[in-house]
Number of protein chains: 4
Amino acid sequence: MHERSATGGADGGRRSRGARTRARLLQAATRVFAERGLEAARVDDIVAAARTSHGTFYLYFGNKEELFAALAEEVAAELQALADDLPEQLVEDRAALRAWLARLTSTYRTHGPVLRAWTEAEVHGDAFGRLGTDLHARFGRALLRRLPRLDGLDPQLTAVALVAMIERLNYYQLAGHVRLRRDVMLDALTDVVVRMLDSRR
Amino acid sequence: MHERSATGGADGGRRSRGARTRARLLQAATRVFAERGLEAARVDDIVAAARTSHGTFYLYFGNKEELFAALAEEVAAELQALADDLPEQLVEDRAALRAWLARLTSTYRTHGPVLRAWTEAEVHGDAFGRLGTDLHARFGRALLRRLPRLDGLDPQLTAVALVAMIERLNYYQLAGHVRLRRDVMLDALTDVVVRMLDSRR
Amino acid sequence: MHERSATGGADGGRRSRGARTRARLLQAATRVFAERGLEAARVDDIVAAARTSHGTFYLYFGNKEELFAALAEEVAAELQALADDLPEQLVEDRAALRAWLARLTSTYRTHGPVLRAWTEAEVHGDAFGRLGTDLHARFGRALLRRLPRLDGLDPQLTAVALVAMIERLNYYQLAGHVRLRRDVMLDALTDVVVRMLDSRR
Amino acid sequence: MHERSATGGADGGRRSRGARTRARLLQAATRVFAERGLEAARVDDIVAAARTSHGTFYLYFGNKEELFAALAEEVAAELQALADDLPEQLVEDRAALRAWLARLTSTYRTHGPVLRAWTEAEVHGDAFGRLGTDLHARFGRALLRRLPRLDGLDPQLTAVALVAMIERLNYYQLAGHVRLRRDVMLDALTDVVVRMLDSRR
DNA sequence: GATGAATGAGAATTCATTCAT
DNA sequence: GATGAATGAATTCTCATTCAT
């Protein structure tokens, strides 16, 4: 099917008409998912937002889920790259840890609508649920590998707990449940992670 | 409307016919929500599971959401009581903290299906979203009040982060994303909380 | 079935319990028909207004229509008696004509709710439609018999037209489409009828 | 929404597919309302009569009432134009009056089904009730303006009474309560109106 | 006589998806 | 490539009527 990049917009209208239509649909869907949520979003809303027609929608995507998959996979790729880039030294290099958390936060902010919709899918327990679980696991494993010897702490659970905390805090921020200044949150989060992992204290 | 108690289950069939039917619907809905999720659950599924009719359903609940509200409010009450019972001394009295975490975990396990559906509603951003946010805030405030002086840690964020961690970990356990033995998880979680809050170290 | 008078209330509680319940249902139905209309009135509304139960309703009436029939027949009887009492001399005895019109107006006012519901049934074209048409015809024939020789006017149509006018004007008054003082309306209506029929002018 | 003209019928199939479908629905609804009445008519009946589907119905109309509104407004426009065209000289120019009554009768005949349904709506007291009352008032005012000085007759009531008579007589004819030859009815009606208004007699 | 819980056949409405143009 | 009218299965909700107590 149509697998050209849908959002890499730097080719200023050079893409074929089809590619542009597809991209317009993806962008529109992002907006609609953000406003209505995944389940409540109607194909009708999406094609209206994209100023195109039902027929066109099905020209590019087999159904709503398939469109969402295209969106989600982009974000997943970004998050996986992020997981792999977790600094080797978490405690020793606070600056690197903070920078990494900043990247993560940016990603959450940029892809907020998709991530929120994803959380919804996750609850439904379908394909995206699994994708989400995999991502979590990947984050957990990346963290686990960098974890210093922790006197008495179960490393697996610690990793999971940290991921949960980081991920949820970003999610709350995204959903508007908490409203913290970006730098305050980053400082504090860095503190918390370091505090938990620094066995020298 | 018919608002008799639906769960006071210890009266073995003594309740009036109506009360029993209502309770049957609540139980059936719990099962269906667990299996299908809140959004995907059909009134049809619920009445089939309760071995009753559509008409009867609407005799007791205005719609699916209202039924879920009845379910959710029970759980909310329990969780709020729990928030209020958080031990005064978190670091000094490990045993009390662990016991409290155990209670929380039990609640999560007992009301798993409802909580999972709740998370779903939360994403949709409707009334339960707010109820959930309130609950979170309550947990956060309770924790904040018990927090020892933390050298350099932002207390508010620490509280939120801890709640996020505890809550999510329980949720993961519930959703099957992680599978940890109950006592291992409790020990580890206690460790993590104490470690974060213990300023004597 | 139960054919005792339902509204002749002067026997102060002497009626059997059943008769009282039946009367309560009839009164309640009158109120509900007035508020909601015939079609929109629910058995539920009626039994609520009568402070009784669904089961009881069907103890006394086979269905909603049957109850309405009981109500309508009382009014029909009154209107038929009225038709038969039309004064012999319409033009010569203005006072008698005015008195008769006053009786008709009173009847409309007293049985307003039922008559309004009746008009509704009439449109639906069911049994009451026929009953209503019969009544109209009876009024028309009564009028026709008293009509003086009218130079050049078709007597049948004149009678029908007069009935239509009288009936409609009362209906408008009832429905609130026009709001005229009772005596003004009676005087004017008397004038109009006399003017139309007085061939001496 | 789809608001293209639905009745401009002289373009024999030139209209777009949508416009034709919409027109088919309107025609079908007219038939169904005539047969079953407004309240009893089912969307199902209408789409069956129009040989289309439920989905299509809701593509063009929000619901049954909205469809009826479209129908009723056409007729209302015609009746309002008629009210405005009432001849200036009612008594002096019998021929003009008769012609006007003929037009009114034709309108009633042409739009019979809609008018009958309208009467039903009027009883229910909803939006069409008001529209109908307005129309009546308009007829009344038009008549009032043309009314000659009437020795002793209340002009307002006379106008209302005449409108009631004319309107009802046409309605009876339509509903089949009376069955008069068209020219006989027109002659008689003209006679009655002139007789009532002619002060020279 | 009276009750009110239970029923289930309908009715309205929505929305993903198809397909002729 | 694009369109948008048409579809109909799926779903929610209502309400007259029955019936066990």
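Proteins come first, then strands; the chains are lettered A, B, ... in the order of their sequence lines, and each starts at number 1.
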If you measure from CZ on B:Phe61 to CZ on B:Arg22, what distance do you get to the nearest 0.5 Å? 4.0 Å
Measure the CZ-NZ distance between D:Phe57 and D:Lys64 for me, rounded to the nearest 0.5 Å. 8.5 Å
Please determine, for F:dA20, whether a Watson-Crick or G-U wobble partner exists with both distances under 3.5 Å, and give it or none. E:dT3
Which whole-number value in Å describes the distance from [X] [atom1] to [N] [atom2]?
X	N	atom1	atom2	answer
C:Arg51	E:dA2	CZ	P	16 Å
C:Arg22	E:dA2	CZ	P	13 Å
B:Asp45	F:dA10	CG	P	13 Å
D:Leu67	E:dA12	CG	P	12 Å
A:Phe61	E:dA16	CZ	C1'	16 Å
D:Arg24	F:dA5	CZ	C1'	11 Å

Between the main-chain N or O of D:Ala48 and the side-chain N or O of D:Thr52, is there a donor-acceptor pair closer than 3.5 Å? no
Could you encode protein contacts along nucleotides 14-21 of chain F as a string, one character per nucleotide from 5' to 3', using B for base contact, S for sugar-phosphate-only contact and - for no contact, with a heavy-atom cut-off of under 4.0 Å? BBSBBB--
Ignoring backbone atoms, test whether B:Tyr60 places a side-chain nitrogen or oxygen under 4.0 Å from the OP1 or OP2 oxygen of E:dA6. yes
Taking only side-chain N and O atoms of A:Thr21, does any of them lie within less than 4.0 angstrom of OP1 or OP2 on F:dG1? no
A:Phe33 side chain near A:Leu71 side chain, heavy-atom distance below 4.5 Å: yes
Heavy-atom closest contact (C:Asp44 atom, C:His54 atom, distance): OD1-CE1, 2.9 Å
Given DNA chain F, 5'-ward residue of the pair A:Ser53 and D:Thr52, judged by closest heavy atom: A:Ser53
May I ask you to check whether over 12 heavy atoms, not counting those of C:Arg36, lie within 6.0 Å of atom CZ? no
